[in-house]
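The block underneath contains the structure these notes are about, expressed in structure tokens.
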Protein chains: 2
Amino acid sequence: MEQSVGDLLKSRGLRSTAQRRAILTALLGHPHSTASDLVKRRIGVGESGPLGLSKQGLYNVLEDLANAQLVRCIEPAGSPTLYELRVGDNHHHLVCRKCGLVEDVDCAVGVAPCLDPVERKGFAIDEAEIIWWGLCAQCQEAVADS
Amino acid sequence: MEQSVGDLLKSRGLRSTAQRRAILTALLGHPHSTASDLVKRRIGVGESGPLGLSKQGLYNVLEDLANAQLVRCIEPAGSPTLYELRVGDNHHHLVCRKCGLVEDVDCAVGVAPCLDPVERKGFAIDEAEIIWWGLCAQCQEAVADS
DNA sequence: GTGCTAGATTTGACTATGTCAAGTCTTTGG
DNA sequence: CCAAAGACTTGACATAGTCAAATCTAGCAC
């Protein structure tokens, strides 16, 4: 599996480095991670313990992975950028206003842009991004209790 | 009109101050302004010339106006927070990937949440936020010319 | 009109998130 | 193994915003 992560990188024309494998592996375990989540977890590499990675290196890697279509970024209002591995399926997101929990939701249509605006205003549209805002189950309970 | 801006504030239980009137007036003229757009324009007040306003004051005013439902914030990925006056009509946005231009689009349904997700995952959803990404007419031309 | 007080604003330090540029190190093909 | 393109590190810097404490003022009571 560690091997396949390396192959995945190479198949996209990227060199297989310890840092990139570590970040991909970390994202496999934690979808919707922020850059600082990854730093806090110290990006463990398989059995071999924690690996440090510079802040700049982290942003470089994430940018490279995003350019190679291996990760996708989302930026819900009020949250730092989140990185996730699911790409190419044009899915959308549920975001909790209180705790920030993010859940994936499949797109009913499947291909971007899955939704047409009422007016196009001359734009060439390539994607419809949808975020549903609300309260997650746990935060609803917390509100009900108070 | 300056008067009506003051009345609008009072009707929401906010004091009518020069700073708040100035910001509301500035937003009337420039929808989709960032905080720094407002600072750069120095927030002219009617005939009476430019008025300075501290950075903190600006954020306080914008927060107060947002709490009073007089302005709405949007945060497209890669852009600082934008403030706009249209509220309560649940409209959506077109955003240009290249120049950042933002256009309003009416919502076909009209009331939030205007769209249901395929799966709800236990969330109590109160709003569906939609951003259509693409290139505005002008940036399409620029690309075609190159 | 005057004074009071809750509410509004200012000031200045600080935080979070990220970018830029230059130099060093490493992966990979030959 | 070696060279060189590509990847990573370091450290300064930028942007967008937050926090806390002091000061000021709009709007009300008189």
Side-chain angles (χ1 to χ4, degrees), chain A residues 2-3 5-24 26 32-43 45 48 50-68 70-71 73-83 100, chain B residues 2-3 5-24 26 32-43 45 48 50-68 70-71 73-83 100:
Chain A
E2 181 69 9
Q3 183 54 42
V5 168
D7 290 346
L8 185 60
L9 286 163
K10 289 187 192 172
S11 73
R12 303 300 178 107
L14 294 173
R15 289 186 181 171
S16 169
T17 66
Q19 291 89 340
R20 285 172 176 171
R21 290 191 301 272
I23 289 174
L24 275 179
H32 309 129
S33 292
T34 64
S36 75
D37 287 341
L38 293 168
V39 168
K40 276 176 210 146
R41 270 187 255 124
R42 311 211 54 151
I43 311 159
V45 186
S48 60
L51 167 74
L53 174 65
S54 69
K55 181 177 58 159
Q56 184 62 61
L58 176 60
Y59 285 110
N60 285 348
V61 168
L62 289 170
E63 187 187 350
D64 294 340
L65 295 177
N67 287 339
L70 287 174
V71 310
C73 312
I74 60 170
E75 299 183 40
S79 166
T81 304
L82 299 170
Y83 298 88
Chain B
E2 181 70 9
Q3 183 55 40
V5 167
D7 290 346
L8 186 59
L9 286 163
K10 289 187 192 173
S11 73
R12 302 303 177 106
L14 294 174
R15 288 185 181 172
S16 170
T17 66
Q19 292 88 338
R20 286 172 176 172
R21 289 191 302 272
I23 289 174
L24 275 179
H32 308 132
S33 292
T34 64
S36 77
D37 287 340
L38 293 169
V39 168
K40 275 176 210 144
R41 270 187 256 124
R42 312 211 54 152
I43 311 159
V45 186
S48 60
L51 167 72
L53 174 66
S54 70
K55 181 176 59 160
Q56 184 61 62
L58 175 60
Y59 285 110
N60 285 348
V61 168
L62 290 170
E63 187 188 348
D64 295 339
L65 295 178
N67 287 338
L70 287 174
V71 310
C73 312
I74 60 170
E75 299 183 40
S79 166
T81 303
L82 299 171
Y83 298 88

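For the pair A:L62 CG and C:dT17 P, the computed distance is 14 Å after rounding to whole Å. Atom CD of A:E63 is separated from atom P of D:dA7 by 11 Å (rounded to the nearest Å). A:L24 places its CG atom 14 Å from the P atom of D:dA7, with the value rounded to the nearest Å. When the P atom of D:dT9 is taken as reference, atom CG of A:N60 falls 9 Å away, rounded to whole Å. Taking atom OH of A:Y59 as the reference point, atom P of D:dA12 lies 18 Å away to the nearest angstrom. C:dT27 atom P lies 15 Å from atom CG of A:D64, rounded to whole Å. Atom C1' of nucleotide C:dT11 and atom CG of B:L58 are separated by 15 Å, given to the nearest angstrom.
Taken from CG in A:L38 to OH in A:Y59, the straight-line distance is 9.5 Å, to the nearest 0.5 Å. Taken to the nearest 0.5 Å, the CG atom of B:L62 stands 9.5 Å off from the OG1 atom of B:T81. If you take OH on A:Y83 and CD1 on A:I74, they are separated by 11.0 Å, rounding to the nearest 0.5 Å. Atoms OG and CG, on A:S16 and A:D7 in that order, are 8.0 Å from each other to the nearest 0.5 Å.
A donor-acceptor pair is defined here as one N or O able to donate and one able to accept, closer than 3.5 Å; no such pair exists between the side chain of A:R20 and the backbone of A:V61. With hydrogens and angles disregarded, no donor-acceptor distance shorter than 3.5 Å links the side chain of A:N60 to the backbone of A:G57.
When all heavy atoms are compared, the tightest approach of A:G78 to B:E75 is N-OE1, 3.2 Å. Considering all non-hydrogen atoms of both residues, A:L58 and A:A35 come closest at CD2-O, 3.4 Å.
A:T81 has a side-chain polar atom (N or O) that falls below the 4.0 Å cut-off from OP1 or OP2 of C:dG18. In terms of phosphate contacts, A:T34 brings no side-chain nitrogen or oxygen within less than 4.0 Å of OP1 or OP2 of C:dT17. Side-chain N/O atoms of A:Q19 include none lying less than 4.0 angstrom from OP1 or OP2 on C:dT26.
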(message) How would you summarise protein contacts on nucleotides 21-28 of chain D per nucleotide, using B for base, S for sugar-phosphate only and - for none, with heavy-atom distances below 4.0 Å?
(response) ----BBS-
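Of the two residues contacting DNA chain D, namely A:V61 and B:Y83, the nearest-nucleotide position lying further toward the 5' end is that of A:V61.
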Please write out the pairs of protein N or O atoms and N or O atoms of nucleotides 13-15 of chain C separated by less than 3.5 Å, giving the distance to one decimal.
none

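The B:A35 side chain lies nearest to D:dG17 when the options are D:dT9, D:dG17, D:dA16.
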(message) Could you walk me through whether B:L9 and B:L70 satisfy the side chain to side chain contact (heavy atoms under 4.5 Å, CB included) test, starting with their C-alpha distance in whole Å, then the side-chain angles of each, then the deciding distance to 0.1 Å, before giving a yes or no?
(response) CA-CA 8 Å; B:L9 286 163; B:L70 287 174; 4.1 Å; yes
